[in-house]
Trainee: 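Following this message is one structure expressed as structure tokens.
For ligands, and for the atoms within them, numbers begin at 1 and follow the listed sequence.
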Amino acid sequence: MTEILIKARNVQKSFGTHHVLKGIDLDITKGEVLAIIGPSGSGKSTFLRCMNFLEEYDHGEIWFGTELVGYRKAANGSLVKDKASRIAAIRTRMGMVFQNFNLFPHMSVLENVIEGPTVVQRRDRAEVIAQAKVLLDRVGLAAKVDDYPETLSGGQQQRAAIARALAMNPELMLFDEPTSALDPELVGEVLDVMRSLAADGMTMAVVTHEMGFAREVADRVMMMDDGNRVEIDTPERIFTNPSHPRTAEFLQRVL
Ligand code: ADP
Ligand code: MG
């Protein structure tokens, strides 16, 4: 049976009078890799951030497993914003990787990776350090554990950020253009780490402009435009036979 990890229904979001998400529906099944593509300003980041409630959606529902993200249902059926502690608890179950790495600059690579598990999850420090070293080895940073972010290349920083997210043992990984800030020669090493995560069965939602990666690694590709889900399909269909002219037009521009 396919288990649905994320279920989004009619998700809408406005910034002031600007209607940025116009009713997004999406299911992400466990183990699936979803690539989200579309022009700049189409709402990709906003939607991704709604999944872990870094951005508050203002209409519709997002379910993470059996949990409604960010809200609880009042007796009359209306949605009421949830307690901060519950929002934080749901958020720790999703790892997020940002375009600009967002490592803590005053902490070594190892300290960056163990911070969340020891402080937020209050797990045993020795056990967390052991896991962190395995993760850092896995992303190719075994030799960099004691180094500070500013001494690392962008590719190394992003790999450290991925290890940091994985250290929380997330059930879902959200990536927002993880390679867009990298020099071209460093993109591959980050995509390789993501490819290996996908092969291991991690559930992933990846906003990306790397069409090669989307085509090769994603199970499905969602095309967004102007706050709408234009279409969602296999990479094969999206890249060779898109059903929507907006997708064809977008791909023509970026490929
Ligand atoms: P994408 O990631 O597809 O480039 P975004 O989700 O970042 O698009 O943005 C969608 C639209 O929402 C853009 O027009 C953007 O300017 C606007 N927007 C995003 N974040 C904010 C914010 N915090 N305040 C006001 N407008 C925002
Ligand atoms: Mg964005």
Trainee: Can you tell me if Ser45 has an N, O or S atom under 2.8 Å away from the Mg ion (ligand 2)?
Mentor: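 Looking at Ser45, which is the residue asked about, there is an N, O or S atom under 2.8 Å from the Mg ion (ligand 2).
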
Trainee: Are the charged groups of Asp27 and Arg9 less than 4.0 angstrom apart, N to O?
Mentor: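 Looking at Arg9 together with Asp27, the answer is yes, because their closest N to O distance falls below 4.0 Å.
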
Trainee: For the side chain of Asp200 and the backbone of Met202, is there at least one donor-acceptor N/O pair under 3.5 Å apart?
Mentor: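 No, because the side chain of Asp200 does not come within donor-acceptor range (under 3.5 Å) of the backbone of Met202.
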
Trainee: Atoms of ligand 1 less than 4.0 Å from Ser45 heavy atoms?
Mentor: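 Going through ligand 1 atom by atom, the ones under 4.0 Å from Ser45 are 1 (P), 2 (O), 6 (O), 7 (O).
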
Trainee: Is there a nitrogen or oxygen of Phe15 sitting under 3.5 Å from a nitrogen or oxygen of ligand 1?
Mentor: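 Looking only at distances, the answer is no, because the N/O contact criterion of under 3.5 Å is not met.
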
Trainee: What part of Val20, side chain from CB on, backbone N/CA/C/O, both or neither, has a heavy atom under 4.0 Å from ligand 1?
Mentor: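 Contact part for Val20 vs ligand 1: side chain (C-beta onward).
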
Trainee: Work out which heavy atom in Val11 is nearest to a heavy atom in Leu21; give both atom names and the distance.
Mentor: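 What the structure gives for the nearest pair is O-CB, 3.8 Å.
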
Trainee: Return a yes/no value: protein heavy atom under 4.0 Å from atom 10 (C) of ligand 1?
Mentor: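 Answer yes: something from the protein, a heavy atom, is under 4.0 Å.
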
Trainee: What's the shortest distance from atom 4 (O) of ligand 1 to any protein heavy atom, and which residue and atom give it?
Mentor: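 Nearest neighbour among protein heavy atoms for atom 4 (O) of ligand 1, to 0.1 Å: Gly41 N, 2.7 Å.
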
Trainee: Counting each atom of ligand 1 from 1 as listed, which ones have a heavy atom of Pro39 under 4.0 Å away?
Mentor: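 Counting atoms of ligand 1 from 1, those under 4.0 Å from Pro39 are 3 (O).
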
Trainee: Heavy atoms only: give me the nearest Val217-Ala198 pair and the separation to one decimal.
Mentor: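 In terms of heavy atoms, the two residues are closest at CG1-CB, 3.7 Å.
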
Trainee: Determine if the distance from atom 16 (O) of ligand 1 to the closest protein heavy atom is below 4.0 Å.
Mentor: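 No.
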
Trainee: Give yes or no for whether the N/O distance cutoff of 3.5 Å, strictly under, is met between Ser42 and ligand 1.
Mentor: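 Between Ser42 and ligand 1, an N or O pair is found under 3.5 Å apart.
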
Trainee: Would the distance check show the side chain of Arg91 and the main-chain N or O of Phe53 forming a donor-acceptor pair, the cut-off being under 3.5 Å?
Mentor: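 Confirmed, Arg91 side chain pairs with Phe53 backbone.
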
Trainee: Closest non-hydrogen protein atom to atom 6 (O) of ligand 1, residue and atom name please, with distance?
Mentor: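 Ranking protein heavy atoms by distance from atom 6 (O) of ligand 1, first comes Thr46 OG1, 2.5 Å.
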
Trainee: Flag the pair Phe98 / Phe175 as yes when their ring centroid distance falls below 6.0 Å, and as no otherwise.
Mentor: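 Centroid distance Phe98-Phe175: not below 6.0 Å, so no.
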
Trainee: Answer yes or no: is there an ion pair linking Arg93 with Glu67, defined by an N-O contact shorter than 4.0 Å?
Mentor: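 Salt bridge flag = yes for Glu67 with Arg93.
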
Trainee: Taking both backbone and side-chain atoms of Gly43, is any N or O found less than 3.5 Å from an N or O belonging to ligand 1?
Mentor: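 Between Gly43 and ligand 1, an N or O pair is found under 3.5 Å apart.
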
Trainee: Regarding atom 14 (O) of ligand 1: of the candidates Met224, Lys13, His18, Arg49, which has the closest heavy atom?
Mentor: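 Checking each option, the heavy atom nearest atom 14 (O) of ligand 1 is found in His18.
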
Trainee: With a sphere of 6.0 Å drawn around CZ of Arg237, does it hold more than 12 non-hydrogen atoms of other residues, nucleotides or ligands?
Mentor: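 No, CZ of Arg237 has 12 or fewer neighbouring heavy atoms, counting only those of other groups under 6.0 Å.
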
